[in-house]
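Everything on this sheet refers to the single structure shown next.
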Amino acid sequence: MASSFHFLLFCSFLLLVSPSIAKTSFRPKALVLPVSKDASSLQYIANLHQRTPLVPVKLTVDLGGQFLWVDCEKGYVSSTYKPARCRSAQCSLAKASSCGDCYSAPKPGCNNHTCSLFPVNTVTRTATGGELAQDVVSIQSTDGSNPGRVVSVPKFLFTCGATFLLKGLASGVTGMAGLGRSRIGLPSQFSAAFSFHRKFAICLSSSTRANGVVFFGDGPYFLLPSAPRNIDLSKSLIYTPLILNPVSTASVYSHGDASTEYFIGVTSINISGNPVRFNKSLLSINKEGVGGTKISTVIPYTVMETTIYKALIEAFSKALSGVPRVAPVAPFGLCFNSTNIGSTRVGPPVPQIDFVLQKPNVYWRIFGSNSMVQVSNDVLCLGFVDGGLKPRTSIVIGGYQLEDNLLQFDLATSRLGFSSTLLFQQTTCANFNFTSNP
Ligand SMILES: *[C@@H]1O[C@H](CO)[C@@H](O)[C@H](O)[C@H]1NC(C)=O
Ligand SMILES: *[C@@H]1O[C@H](CO)[C@@H](O)[C@H](O)[C@H]1NC(C)=O
Ligand SMILES: *[C@@H]1O[C@H](CO)[C@@H](O)[C@H](O)[C@H]1NC(C)=O
Ligand SMILES: *[C@@H]1O[C@H](CO)[C@@H](O)[C@H](O)[C@H]1NC(C)=O
Ligand SMILES: *[C@@H]1O[C@H](CO)[C@@H](O)[C@H](O)[C@H]1NC(C)=O
């Protein structure tokens, strides 16, 4: 009698004081975030809900970004906003050791005795200082096939950006969603909040009319029409180690910080099975953190160091010598008359480009759908861009080459799983069934 009375009392106490805990006591195994492609900026835009009352917040997805940042200067209204006080647990988790005051009326982004970080607009490479803070973030859970119930993280850490920092981001966007390997990146915070695997996956849509998807947590990941046939895409990935660049690639960083971006070990590039000849030492990361290959969602097309780029277009045009070339259309350096090229399930039938990885039989194969860009009715260009001499990173694999590929990042084992084009599996990244289960 007595113990069940206590139990009841305990339950009602929980419900009374802590509705947010009661609501999220359901523990999701994974979360799902719709991501659209903005036609004019070619950025990938996620829609997250934040604040109290909750509002939708449009964010440019930054795969290697350190954390979530939003503009707190304009239109930030929330009763649950809390700045991180100097030397608090939040500041140390975020490695924000600075401590500062703000000399105007207190408001989100401007409070005394708070620690701060440097939000970066990685599209324009502009940075500013901003208060570290926490607020409610809510997102849909998933079983891998459909979105499920909405869950929230009451104290999600983020940094306050400023209105000027939004310049260069897609229209309507008010911040950036950093999916990088930092303790306060979105993947780490979500997996810590719900105790699921430190894994996430991105699947960017090539269409500006249908959403792609980011999954936080492990698979299964089902995309239509595979779903009725019960094909879990997380089961058919090829794996390669993720490489830690020991030197930060952010615009502002402290000595000793590692990069939060995702690097992989490309060892050579083949076109139609033949190696492209260039100086391979550009493919390794040196002591200064220079060189190597990373993956980015904030550049629309893969960018390569000049000598690699020149070797690539020379080899590619040789392999496609039967097709008439036309004057290149910026930003591309190699274009063809597409009148007689034709098409296949995986795009224009052009020589395949392989990024060969840790072993000769492990490679990321790129077909026409990810290599060729239709710039006009009869002009098709190789969707790679010259990155100049001495760039920080020799190869930056950009958005166009990622579309309709599923990429899973495992932070615990530092491993990337990739699918190559899903078009072979008769699906696309726009095929997640966003219809909720009843
Ligand atoms: C911070 O403290 C200073 C000095 O006490 C004060 O002038 C200022 O208004 C305070 N700012 C905020 C945002 O509370
Ligand atoms: C790449 O080229 C090398 C050298 O010709 C060859 O041994 C290897 O099999 C090729 N790999 C792929 C994936 O085409
Ligand atoms: C290859 O590139 C590395 C790094 O940029 C450079 O130090 C080296 O001299 C280059 N080797 C050749 C043969 O060009
Ligand atoms: C492409 O080829 C077609 C047919 O040969 C020709 O009519 C057209 O002008 C060419 N386009 C370009 C951009 O060269
Ligand atoms: C999408 O999911 C909903 C809810 O489970 C289901 O009713 C519907 O049939 C699914 N759509 C397709 C095309 O399978």
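As the structure lists them, so they are numbered: ligands from 1, and atoms in each ligand from 1.
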* **Numbered atoms and elements of ligand 2 in range of Pro275, under 4.0 angstrom, heavy atoms** => 2 (O), 4 (C), 5 (O)
* Near Asp354, which atoms of ligand 2 are under 4.0 Å from a heavy atom of that residue? -> 12 (C), 13 (C), 14 (O)
* Honestly, is Arg51 close enough over Tyr76, meaning NZ or CZ under 6.0 Å from the six-membered ring centre and within 45° of the axis? -> yes
* **Identity and separation of the nearest protein heavy atom to atom 11 (N) of ligand 1** => Cys102 O, 2.8 Å
* Structure fact -> of all protein heavy atoms, closest to atom 7 (O) of ligand 1 is Tyr103 CD2, 4.4 Å
* Structure fact -> Among non-hydrogen protein atoms, atom 13 (C) of ligand 2 lies closest to Tyr363 CD2, 3.2 Å
* Asked: Closest non-hydrogen protein atom to atom 3 (C) of ligand 3, residue and atom name please, with distance?
  -> Ser281 OG, 3.1 Å
* To do: Run the numbers for me: atoms of ligand 1, each under 4.0 Å from some heavy atom of Pro106, listed by number.
  => 13 (C), 14 (O)
* Can Asp386 and Thr306 be said to form a side chain to side chain donor-acceptor pair (under 3.5 Å), step by step? -> CA-CA 6 Å; Asp386 186 347; Thr306 293; 2.8 Å; yes
* Structure fact -> among protein heavy atoms, the one nearest atom 1 (C) of ligand 1 is Asn112 ND2, 1.5 Å
* Asked: Is the shortest side-chain N to carboxylate O distance from Lys235 to Asp232 below 4.0 Å?
  -> yes
* Asked: Per the side-chain contact (heavy atoms from CB on, under 4.5 Å) rule, which among Ser317, Ser371, Ser272 passes with Pro351?
  -> Ser272
* Asked: Just checking, any donor-acceptor pair under 3.5 angstrom between side chains of Asn121 and Thr124?
  -> yes
* **Those atoms of ligand 1 less than 4.0 Å from some heavy atom in Cys110** => 13 (C)
* Asked: Tell me: protein heavy atom nearest atom 14 (O) of ligand 2, and distance?
  -> Asn270 ND2, 3.0 Å
* Could you tell me whether the side chain of Ser419 and the main chain of Asn405 form a donor-acceptor pair under 3.5 Å? => no
* Asked: Looking at atom 5 (O) of ligand 2, is any protein heavy atom nearer than 4.0 Å to it?
  -> yes
* Protein heavy-atom partner closest to atom 9 (O) of ligand 1 - residue, atom, separation in Å -> Ser104 O, 4.3 Å
* Give the numbers and elements of all ligand 2 atoms closer than 4.0 Å to a heavy atom of Gly273. => 1 (C), 2 (O), 5 (O), 10 (C), 14 (O)
* Asked: Are the gamma sulfurs of Cys72 and Cys110 separated by less than 2.5 Å?
  -> no
* Structure fact -> The ring pair (Phe, Tyr, Trp, His ring centres under 6.0 Å) partner of Phe190 among Phe215, Phe156, Phe200 is Phe156
* **Identity and distance of the protein heavy atom lying nearest atom 12 (C) of ligand 3** => Asn279 ND2, 3.3 Å
* Do Lys318 and Phe316 meet the cation-pi criteria used here (NZ or CZ under 6.0 Å from the six-membered ring centre, within 45° of the axis)? -> no
